[in-house]
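A short worksheet on the structure shown next.
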Amino acid sequence: MTGPISGSSEEKYTHGHHASVVAAHAVRRASEAAAFVLPQLKSPMRLLDFGCGPGTITVDLAEHLLPDGSVLGIDNSEAVIEQARTNASSKSLNNLEFETNSVYETGYEADSFDAAYAHQVLQHLSEPVKALKEVQRVLKPGGICAVREVDWGASALFPPDERLEKFLDVYYKVAERNGGDAHAGRRVKQWFTEAGFSNLQVTTSTWTFSDETGLKWWGEQWAERILRSDLAKRAVEYGIATEAELAEISQGWLDWVQAEGAFFAFMQVEVVGTK
Ligand SMILES: C[S@@+](CC[C@H](N)C(=O)[O-])C[C@H]1O[C@@H](n2cnc3c(N)ncnc32)[C@H](O)[C@@H]1O
């Protein structure tokens, strides 16, 4: 028996699960990340959160679906599922479960979920349509799938800094080499169509980092991730950047936090489709 199923054999999750990555994901809340679909999620729905990572959004979704709804969070990383279970344990929710599983081939019964949700997952998959087709298989007729993906190409950064332009270049190249797509946001609607979903609702929202707390949080996490996460390891392994260049990028992020007028925003694309 092999591990959880991936897309192409080249597919690799760009960020990996270094502590700096998981900590950045663990601050996410459904009130922001799932705001576009929360009004459509109601008790007693059964929801699948695929690529749930450390599960903070998943916990919120389970609370949202009380008293009779339930949530299953899956991720193909056993390590992050363990962290999700730990994060959720203080809430003692009896309508929430986590499993290590791949969205490409879940093995769940057809027509068994009312809703599915994913936040920042399809962009890392080499076969996003295949994943969406599997989600569609496990949804009941009339069930909904809701996805939110960033589009790094729709980002605005100030002040200009060659080191941060290099960061974007490194990110695009590593994501592509890993089988993912850093411009996923603009393609999600098409992927839903190809997977056979109908009644598509498409919205956008933005992440904006402009005040002192936001700048520090965004800049400092990337200063660390570009040195220590899988993004850094792969950039060096693929010959996309040297360790010295990554160190310069890291310092670029730290300088940006202190720069006069510092600002960063990018677009999130949200799609809800019906089976
Ligand atoms: C950027 S993280 C997002 C985590 C979470 N949804 C959030 O927004 O906080 C992407 C997650 O997708 C998971 N993932 C990648 N490929 C997967 C697959 N084939 N099946 C299930 N999860 C997968 C990764 O392990 C990672 O935890």
Side-chain angles (χ1 to χ4, degrees), residues 12-35 49-63 71 73-91 93 96 98-100 117-124 148-150 152 155 157 164 167-168 170-171 174-175 178 180 182 184 205-236 241 243 246-247 249-258 262 264-266 268:
K12 292 184 182 71
Y13 169 46
T14 292
H15 301 301
H17 294 96
H18 183 267
S20 58
V21 176
V22 177
H25 294 167
V27 301
R28 293 177 180 168
R29 306 307 307 251
S31 55
E32 193 277 331
D49 180 2
F50 58 99
C52 66
T56 48
I57 302 170
T58 328
V59 167
D60 288 346
L61 292 173
E63 284 184 324
V71 175
I74 63 167
D75 199 289
N76 68 348
S77 160
E78 197 167 352
V80 89
I81 283 293
E82 276 310 317
Q83 294 184 50
R85 287 193 181 115
T86 304
N87 289 343
S89 59
S90 64
K91 298 275 181 171
L93 289 163
L96 172 62
F98 290 101
E99 281 179 7
T100 306
Y117 170 82
H119 191 248
Q120 315 297 353
V121 178
L122 295 182
Q123 65 195 267
H124 298 295
R148 192 185 200 215
E149 298 290 330
V150 72
W152 277 91
S155 60
L157 181 120
L164 301 186
F167 166 82
L168 278 180
V170 169
Y171 186 75
V174 174
N178 282 342
S205 52
T206 49
W207 284 359
T208 305
F209 303 101
S210 183
D211 65 16
E212 200 181 326
T213 311
L215 294 172
K216 192 170 151 55
W217 183 76
W218 187 248
E220 289 184 358
Q221 61 153 302
W222 283 111
E224 188 178 5
R225 288 169 68 169
I226 199 62
L227 293 180
R228 292 182 234 294
S229 71
D230 283 11
L231 171 62
K233 277 191 219 153
R234 305 280 182 216
V236 174
E243 284 181 7
L246 296 181
I249 293 171
S250 176
Q251 188 57 49
W253 277 117
L254 294 176
D255 293 344
W256 172 80
V257 173
Q258 305 297 334
F264 182 84
F266 59 0
Q268 306 288 334

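Checked against salt bridge (Lys or Arg N to Asp or Glu O under 4.0 Å), Glu78 has no partners two or more places apart in sequence or in another chain.
Here the straight-line distance linking atom CG of Leu231 with atom NZ of Lys12 works out to 14.0 Å at 0.5 Å rounding. A distance of 8.5 Å separates CD in Gln258 from CD in Glu212, rounded to the nearest 0.5 Å. Between the CG atom in Asp60 and the CD atom in Glu32 there is a gap of 11.5 Å [rounded to 0.5 Å]. Rounding to the nearest 0.5 angstrom, the gap separating the CG atom in Leu215 from the CZ atom in Phe209 is 9.0 Å. Going from atom CD1 of Ile57 over to atom CZ of Arg28 covers 6.0 Å, rounded to the nearest 0.5 Å. A distance of 5.0 Å separates CZ in Arg228 from CD in Glu224, rounded to the nearest 0.5 Å.
Under a cut-off of 6.0 angstrom, the local environment of CD in Glu243 is sparse, with at most 12 non-hydrogen atoms contributed by other residues, nucleotides or ligands.
The closest side-chain heavy-atom distance from Asp230 to Tyr13 is not below 4.5 Å. At least one side-chain heavy atom of Trp217 sits under 4.5 Å from a side-chain heavy atom of Val27. With contacts defined as side-chain heavy-atom distances shorter than 4.5 Å, the pair Arg234/Thr14 does not qualify. Contact annotation: the side chain of His15 never approaches that of Ser229 to less than 4.5 Å [non-hydrogen atoms, C-beta and beyond]. Side-chain atoms of Trp218 and Trp253, non-hydrogen and from C-beta on, do get closer than 4.5 Å to each other. Side chains of Trp256 and Trp222 form no contact here, defined as non-hydrogen atoms less than 4.5 Å apart. Considering only heavy atoms from C-beta on, Val150 comes within 4.5 Å of Gln123 through its side chain.
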Could you pull out all donor-acceptor pairs under 3.5 Å where a side-chain atom in residues 80-88 meets a protein atom, sequence neighbours excluded?
{"unit_1": "Glu82", "atom_1": "OE2", "unit_2": "Arg85", "atom_2": "NH1", "d": "3.0"}
{"unit_1": "Arg85", "atom_1": "NH2", "unit_2": "Phe98", "atom_2": "O", "d": "2.7"}
{"unit_1": "Thr86", "atom_1": "OG1", "unit_2": "Glu82", "atom_2": "O", "d": "3.0"}
{"unit_1": "Asn87", "atom_1": "ND2", "unit_2": "Pro54", "atom_2": "O", "d": "3.0"}
{"unit_1": "Asn87", "atom_1": "ND2", "unit_2": "Gln83", "atom_2": "O", "d": "3.4"}

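A pairwise comparison of heavy atoms in Gln120 and His124 identifies O-CD2, 3.4 Å as the closest pair. A pairwise comparison of heavy atoms in Thr58 and Cys52 identifies OG1-CB, 3.5 Å as the closest pair. Residues Asp49 and Ala118 share a closest heavy-atom pair of OD1-CA, 4.3 Å. The two residues Val257 and Lys216 come nearest to each other via the heavy atoms CG1-CA, 3.8 Å. Leu164 and Ile249 make their closest contact through CD2-O, 4.1 Å (heavy atoms, listed as atom of the first residue, atom of the second, distance). Residues Val170 and Ala235 come closest through the heavy atom pair CG1-CB, 3.8 Å.
Proximity of a side-chain donor or acceptor of Asn178 to a complementary backbone N or O of Gly180 within less than 3.5 Å is not detected. A donor-acceptor pair under 3.5 Å links the side-chain atoms of Glu149 to the main chain of Val121, judged by distance alone.
Of the options Arg148, His25, Gln268, a side-chain hydrogen bond (donor to acceptor under 3.5 Å, both in side chains) to His119 is made by Arg148 and by none of the others.
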